[in-house]
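Sequence lines set the chain letters: A, B, ... in the order given, protein chains first and strands last, and positions in each chain run from 1.
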Protein chains: 2
Amino acid sequence: MDAAAAELASGRSFDTLSLREVAKLAGIAPTSFYRHFHDMEGLGLALIEEHGTTLVNLMHRVREQAAEGRSVIRTSVETLFDYIFGNQGMSRMILQESLSRQSAFRSAAEKLLVTMSRDLAEFLVWDADRRGVPLGHPRLAADSTVAILFTTGIALLDTPAEERERYIEAAIIKVRMIMRGSEAMGQA
Amino acid sequence: MDAAAAELASGRSFDTLSLREVAKLAGIAPTSFYRHFHDMEGLGLALIEEHGTTLVNLMHRVREQAAEGRSVIRTSVETLFDYIFGNQGMSRMILQESLSRQSAFRSAAEKLLVTMSRDLAEFLVWDADRRGVPLGHPRLAADSTVAILFTTGIALLDTPAEERERYIEAAIIKVRMIMRGSEAMGQA
DNA sequence: AGTTTCAGCGTACACTTGTACGCACAACTG
DNA sequence: CAGTTGTGCGTACAAGTGTACGCTGAAACT
């Protein structure tokens, strides 16, 4: 799994990755691969699974901590972007597979994004209630936010360092814009 | 190009597509491929180029026509989704490549999305002026809209027919939400 | 102590891949 | 009519692919 993740991080797409290659990088014989996974598909699913739970837990924790103090939006965006930066290969893979054709990968990746969206929606509703500001279509707002953050985050990876700060600020504005829109729709 | 597009439409990802395979599907010998493209990369770029200009022109025309009568948002969303449906393979490829590692593909795909976003922003500003409603961060609003529409559109492809209508309505609400947010930010 | 399970290995096979080379024929161009 | 250019072909090769088969030795049970 480490070998595959490392190769993904260096830009390779998962389906150009061969069983033999992964085995060689992991320092085992090609045939020994089968002791661990039935397939390359098995490997891919295990990778998505692992990073998925990590990511979901991470965002959970961030929202709990951020409630006391700084802007939740800013903290969440920055944390997610940090994670994407630290796990470039996997993040790219998850988003790309969620856009692929019906397959085990696509289901796994989509499940993760849906979970993140559902969790975020739950938080948004709770937070809006607390502030007494009704939201319109909170689930759709969360959906949009997750989509925007992932696409922006991935795009950020190949952006020259000096422009990154500007892009992150732009992402924060985008999220705020969605929230404002949702609030406006909640009042109507 | 037709052979490759057909294969993409059936769910294959571009980089699992081999030169020999494309040649066979096109009914020519593998070596004849080189008479047309220097590379598989050449083929891919030509495909993106072709569909890119088609798509940009299509959206242009839709906005001109839609100005007289129906909701611009609704018409644009429906037209774009129709295009994505009619060109599943290419649409998927463009979006996936825009999320890949720095490469010729990624540049080409990104260029297309940026163009669409710029065009949309231009229209939004013009339309907002006309209605006397100032927009906040129109360029970011357009960015978000394009991202949302493409990701939603691709996701729609593998959605059972009976749920599609609901998803399309959801996409329209998402876009309206962004517009409302942009307007709210424009007033502040 | 005896047995089972686990994780590794080498060899082998049939298949696919990109591409170098040189030849053949059509369609234009002068 | 001679020549150039564009598009096609078959053959060949070295490299890489997934996986079947059966062997090993260590670790973990019973």
Side-chain angles (χ1 to χ4, degrees), chain A residues 1-51 53 89-90 92-94 96-97 99-109, chain B residues 1-51 53 89-90 92-94 96-97 99-109:
Chain A
M1 288 175 72
D2 288 348
E7 201 61 8
L8 287 178
S10 80
R12 293 278 298 277
S13 85
F14 186 81
D15 45 29
T16 65
L17 221 54
S18 77
L19 185 155
R20 285 179 108 105
E21 204 177 356
V22 174
K24 183 185 289 184
L25 288 168
I28 62 175
T31 46
S32 301
F33 180 95
Y34 296 104
R35 303 292 181 188
H36 306 271
F37 303 101
H38 178 264
D39 241 358
M40 277 298 284
E41 183 174 292
L43 208 196
L45 288 178
L47 282 171
I48 295 179
E49 194 84 12
E50 187 185 58
H51 283 258
T53 58
M90 284 308 307
R92 238 194 273 266
M93 176 183 171
I94 287 171
Q96 282 183 343
E97 290 302 338
L99 298 170
S100 73
R101 201 69 206 284
Q102 203 84 57
S103 72
F105 282 170
R106 140 121 192 200
S107 308
Chain B
M1 289 174 72
D2 288 347
E7 201 60 7
L8 287 179
S10 79
R12 294 280 297 278
S13 84
F14 186 81
D15 46 29
T16 65
L17 220 53
S18 77
L19 185 154
R20 283 180 110 106
E21 205 177 354
V22 174
K24 184 185 286 183
L25 287 169
I28 62 175
T31 45
S32 300
F33 179 94
Y34 295 104
R35 304 291 182 187
H36 305 271
F37 302 101
H38 178 263
D39 242 355
M40 278 298 283
E41 183 174 292
L43 208 196
L45 288 178
L47 282 171
I48 295 179
E49 194 84 12
E50 187 185 59
H51 283 258
T53 59
M90 285 307 307
R92 239 193 272 265
M93 176 182 171
I94 288 171
Q96 281 184 342
E97 290 302 337
L99 299 170
S100 72
R101 201 70 205 283
Q102 203 84 58
S103 72
F105 282 171
R106 141 124 191 198
S107 309

Quiz prompt | More than 12 heavy atoms from other groups under 6.0 Å of CD on Glu49(B) | solution =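 For Glu49(B), atom CD is not crowded (no more than 12 foreign heavy atoms under 6.0 Å).
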
Exercise. Any side-chain hydrogen bond (donor to acceptor under 3.5 Å, both in side chains) involving residues 6-25 of chain B? Give me the pairs, sequence neighbours left out, ordered by first then second residue.
Key: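 Only Ser13(A)-Asp15(B), Asp15(A)-Ser13(B), Glu7(B)-Arg12(B), Arg12(B)-Thr16(B), Arg12(B)-Glu21(B), Ser13(B)-Asp15(B) qualify under side-chain hydrogen bond (donor to acceptor under 3.5 Å, both in side chains).
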
Atom-pair distance ([atom1] on [X]; [atom2] on [N]), nearest Å:
X: Ile28(B); N: dT7(D); atom1: CD1; atom2: P; value: 11 Å
X: Glu41(A); N: dT19(D); atom1: CD; atom2: C1'; value: 17 Å
X: Phe33(B); N: dT17(C); atom1: CZ; atom2: C1'; value: 13 Å

Quiz item: Any side-chain heavy-atom pair from Leu17(A) and Met40(A) closer than 4.5 angstrom?
Solution: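 In contact.
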
Exercise. Evaluate the side-chain proximity of Arg92(A) to Leu8(A): yes if any heavy-atom separation is below 4.5 Å, no if none is.
Key: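 Side-chain contact under 4.5 Å: no.
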
Quiz prompt | Partners meeting salt bridge (charged side-chain N to carboxylate O under 4.0 Å, His left out) with Arg101(A) (sequence neighbours left out) | solution =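 Partners of Arg101(A) by the salt bridge (charged side-chain N to carboxylate O under 4.0 Å, His left out) criterion, ordered by chain and then number, come out as Asp158(B).
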
Protein-nucleotides 18-24 of chain C N/O pairs under 3.5 Å:
{"unit_1": "dG18(C)", "atom_1": "OP1", "unit_2": "Leu19(B)", "atom_2": "N", "d": "3.0"}
{"unit_1": "dG18(C)", "atom_1": "OP2", "unit_2": "Leu19(B)", "atom_2": "N", "d": "3.1"}
{"unit_1": "dG18(C)", "atom_1": "OP2", "unit_2": "Arg20(B)", "atom_2": "N", "d": "3.1"}
{"unit_1": "dG18(C)", "atom_1": "N7", "unit_2": "Arg20(B)", "atom_2": "NH1", "d": "2.4"}
{"unit_1": "dG18(C)", "atom_1": "O6", "unit_2": "Arg20(B)", "atom_2": "NH1", "d": "2.6"}
{"unit_1": "dT19(C)", "atom_1": "OP2", "unit_2": "Tyr34(B)", "atom_2": "OH", "d": "3.0"}
{"unit_1": "dT19(C)", "atom_1": "O5'", "unit_2": "Tyr34(B)", "atom_2": "OH", "d": "3.3"}
{"unit_1": "dT19(C)", "atom_1": "O4", "unit_2": "Arg20(B)", "atom_2": "NH1", "d": "3.2"}

Pairs of donor and acceptor atoms involving the side chains of residues 25-38 of chain B, under 3.5 Å and at least two apart or interchain, shall be tabulated with distances.
none

Exercise. Please list residues of residues 5-15 of chain B whose heavy atoms come under 4.0 Å from any atom in DNA chain C, ordered by number; otherwise none.
Key: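 Correct list: empty, so none.
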
Self-check item: Heavy-atom pair with the smallest gap, counting every atom of Ile94(A) and Ala109(A)
Solution: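 Shortest heavy-atom contact: O-CB, 3.3 Å.
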
Quiz item: Of all residues at least two apart in sequence or in a different chain, which pass the side chain to side chain contact (heavy atoms under 4.5 Å, CB included) check with Gln96(B)?
Solution: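 So Gln96(B) forms a side chain to side chain contact (heavy atoms under 4.5 Å, CB included) with Leu99(A), Ser100(A).
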
